[in-house]
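Note that ligands are numbered from 1 as they come in the structure, with each ligand's atoms numbered from 1 the same way.
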Amino acid sequence: MTRPGRFITFEGIDGSGKSTQARLLAERLPDAILTREPGGSPGAEEIRALVLTGDPGRWSPETELLLFTAARRDHLEKRIDPALAAGRTVICDRFADSTRIYQGATRGDLREKVDTLHRLMIGREPDLTFIIDMDPAAALSRGLARPDAESRFEDFGLEMQERVRAGFLALARQYSDRCRVIDGNRAVEAIAADIATQMGLAAPG
Ligand SMILES: Nc1ncnc2c1ncn2[C@@H]1O[C@H](COP(=O)(O)OP(=O)(O)O)[C@@H](O)[C@H]1O
Ligand SMILES: Cc1cn([C@H]2C[C@H](O)[C@@H](COP(=O)(O)OP(=O)(O)O)O2)c(=O)[nH]c1=O
């Protein structure tokens with residue numbers, strides 16, 4: 001029987017360097033698939049477009065939670081679970097911890113609903129989660145420099161980013177068995193070396 005693969009997620013505030021580090025780690029692991037949320041499967045990418053673009057007032061917090069959960073369910077069924085079952089490593093840029101923080105704590109107080117929906121519809125936790133922690137002001141200026149800043153979620157102010165950051169740090173304490181906090185206020189290569197060490201890989205270069 002095939003041994004199930006490892007499920008690794010990256011979390012943190014917008015612009016903290018998650019996508020960059022997820023990509024660098026995937027490049028070092030020949031069996032890995034690199035994916036992201038919201039999205040990662042054709043259906044979930046369609047839901048991503050619905051939830052991340054357009055009028056910010058279009059969805060209530062509750063509907064938004066259902067949309068993120070629906071996207072995650074499709075992503076799990078179509079992409080994550082089959083890859084894990086085939087023994088591959090899955091590296092995902094954001095996962096359920098983002099819902100716990102964004103929908104559960106910072107844009108309302110839906111944490112109980114978030115946890116119930118997760119239990120009923122998702123049920124899977126990562127084996128390892130890297131929380132890239134960094135100064136929101138620096139992350140915001142990185143984000144503003146990005147060519148793809150299409151999403152309304154990019155418009156958060158510093159106060160919101162600080163709340164999200166604090167939420168992720170609290171979550172890292174709650175799920176300390178699988179979460180590793182990584183200092184993101186450093187050069188790309190230094191962060192990648194830190195993550196490689198945590199993964200038991202030799203430092204790059
Ligand atoms: N350690 C770093 N130092 C400086 N710039 C970075 C670093 N990591 C990422 N960047 C740049 O910052 C922007 C946001 O990075 P990205 O990996 O897309 O973050 P996230 O996925 O967390 O939003 C990109 O333009 C990226 O090239
Ligand atoms: C996965 C997920 C993301 N989000 C938010 C976080 C981000 O602001 C946005 C995803 O945008 P994205 O551009 O992928 O994130 P980043 O800026 O970190 O590269 O959606 C939620 O609110 N809930 C969720 O469950």
Side-chain angles (χ1 to χ4, degrees), residues 9-27 34-41 44-45 47-54 56 58-76 80 91-108 110-111 113-115 117-118 121-122 124 126 129-158 160-161 163-165 167-168 171 182-195 204:
T9 59
F10 283 78
E11 300 278 4
I13 62 174
D14 295 322
S16 57
K18 297 178 299 300
S19 322
T20 303
Q21 295 300 330
R23 179 176 47 75
L24 289 173
L25 179 59
E27 284 170 4
L34 175 61
T35 186
R36 69 161 181 186
E37 291 209 347
S41 62
E45 289 290 334
I47 298 173
R48 177 187 174 95
L50 279 177
V51 78
L52 292 188
T53 56
R58 183 173 183 192
W59 311 110
S60 69
E62 287 79 1
T63 308
E64 191 176 279
L65 167 60
L66 289 167
L67 288 169
F68 279 113
T69 307
R72 179 160 307 126
R73 175 76 198 200
D74 190 68
H75 187 206
L76 258 188
I80 297 176
I91 298 174
C92 192
D93 183 356
R94 294 194 182 280
F95 189 66
D97 293 329
S98 281
T99 311
R100 292 182 172 112
I101 301 307
Y102 287 90
Q103 280 66 50
T106 48
R107 260 184 233 140
L110 297 180
R111 186 59 193 257
K113 290 186 172 70
V114 166
D115 288 341
L117 265 179
H118 182 80
M121 290 296 167
I122 307 298
R124 188 177 285 288
T129 298
F130 291 110
I131 292 180
I132 314 281
D133 179 56
M134 76 170 294
D135 171 36
L140 198 64
S141 59
R142 278 186 196 168
L144 294 176
R146 275 204 301 194
D148 68 335
E150 95 281 5
S151 142
R152 69 184 169 87
F153 285 92
E154 308 282 344
D155 296 338
F156 292 154
L158 276 185
M160 175 63 150
Q161 293 265 46
R163 295 219 314 264
V164 172
R165 180 191 197 184
F168 277 121
L171 189 132
I182 301 289
D183 176 6
N185 301 286
R186 296 176 291 165
V188 170
E189 299 74 23
I191 301 168
D194 198 355
I195 289 169

Ignoring hydrogens, what is the shortest heavy-atom contact between [X] and [Y]? Give both atom names and the distance.
| X | Y | answer |
| --- | --- | --- |
| Ala139 | Asp14 | CB-O, 3.5 Å |
| Pro38 | Leu52 | CG-CD1, 4.0 Å |
| Pro136 | Arg165 | CD-NH1, 3.8 Å |
| Leu67 | Ile47 | O-CG2, 3.4 Å |

Taking C-beta and beyond as the side chain, do [X] and [Y] meet within less than 4.5 Å on heavy atoms?
| X | Y | value |
| --- | --- | --- |
| Leu171 | Arg100 | yes |
| Gln161 | Met134 | no |
| Ile182 | Gln21 | no |

Quiz prompt | Asp93 N/O to ligand 1 N/O under 3.5 Å | solution =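 The answer is no, given that Asp93 and ligand 1 share no N or O pair closer than 3.5 Å.
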Practice problem: With heavy atoms under 4.0 Å as the rule, classify the contact between Gln161 and ligand 2 as side chain, backbone, both or neither. | Solution: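 Answer for Gln161: neither.
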Quiz prompt | Side chain, backbone, both or neither: Leu52 near ligand 2, heavy atoms under 4.0 Å | solution = side chain
Numbering the atoms of ligand 2 from 1, which are under 4.0 Å from a heavy atom of [X]?
| X | answer |
| --- | --- |
| Lys18 | 18 (O) |
| Thr99 | 24 (C), 25 (O) |
| Arg72 | 1 (C), 25 (O) |
| Arg48 | 12 (P), 13 (O), 14 (O) |

Quiz prompt | Under 4.0 Å to a heavy atom of Ala187 - the qualifying atoms of ligand 1, by number | solution = 1 (N)
Quiz item: With a cut-off of 4.0 Å, which atoms of ligand 1 are near a heavy atom of Val188?
Solution: 1 (N), 2 (C), 7 (C), 8 (N)
Quiz prompt | Whether Arg36 lies under 4.0 Å from ligand 2, heavy atom | solution = no
Quiz item: Does Glu64 come within less than 4.0 angstrom of ligand 2, counting non-hydrogen atoms of the residue?
Solution: no
Indicate yes or no: does an N/O atom of [X] lie under 3.5 Å from an N/O atom of ligand 2?
| X | value |
| --- | --- |
| Ser19 | no |
| Gln103 | yes |
| Arg94 | yes |

Exercise. Please work out whether the ring planes of Phe10 and Phe130 are parallel, tilted or perpendicular, with thresholds of 30° and 60°.
Key: tilted
Self-check item: Sub-4.0 Å heavy-atom contact, Gly15 with ligand 1
Solution: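 Contact check Gly15 vs ligand 1: positive.
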Quiz item: Going by heavy atoms, is Arg186 under 4.0 Å from ligand 1?
Solution: yes
Practice problem: With rounding to the nearest 0.5 Å, note down the distance linking OG1 in Thr69 to CG in Leu76. | Solution: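 Between Thr69 OG1 and Leu76 CG, I get 11.0 Å after rounding to 0.5 Å.
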Quiz item: So which of Ile191, Thr20, Ile132, Leu24 gets nearest to atom 15 (O) of ligand 1, if we judge by its closest heavy atom?
Solution: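 Result: the heavy atom closest to atom 15 (O) of ligand 1 is in Thr20.
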Quiz item: Is there a donor-acceptor contact under 3.5 Å linking the side chains of His75 and Thr35?
Solution: yes
Quiz item: side chain to side chain donor-acceptor pair (under 3.5 Å) with Thr9: which of Thr129, Asp93, Asp97?
Solution: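 With Thr9 as partner, side chain to side chain donor-acceptor pair (under 3.5 Å) holds for just one option, Thr129.
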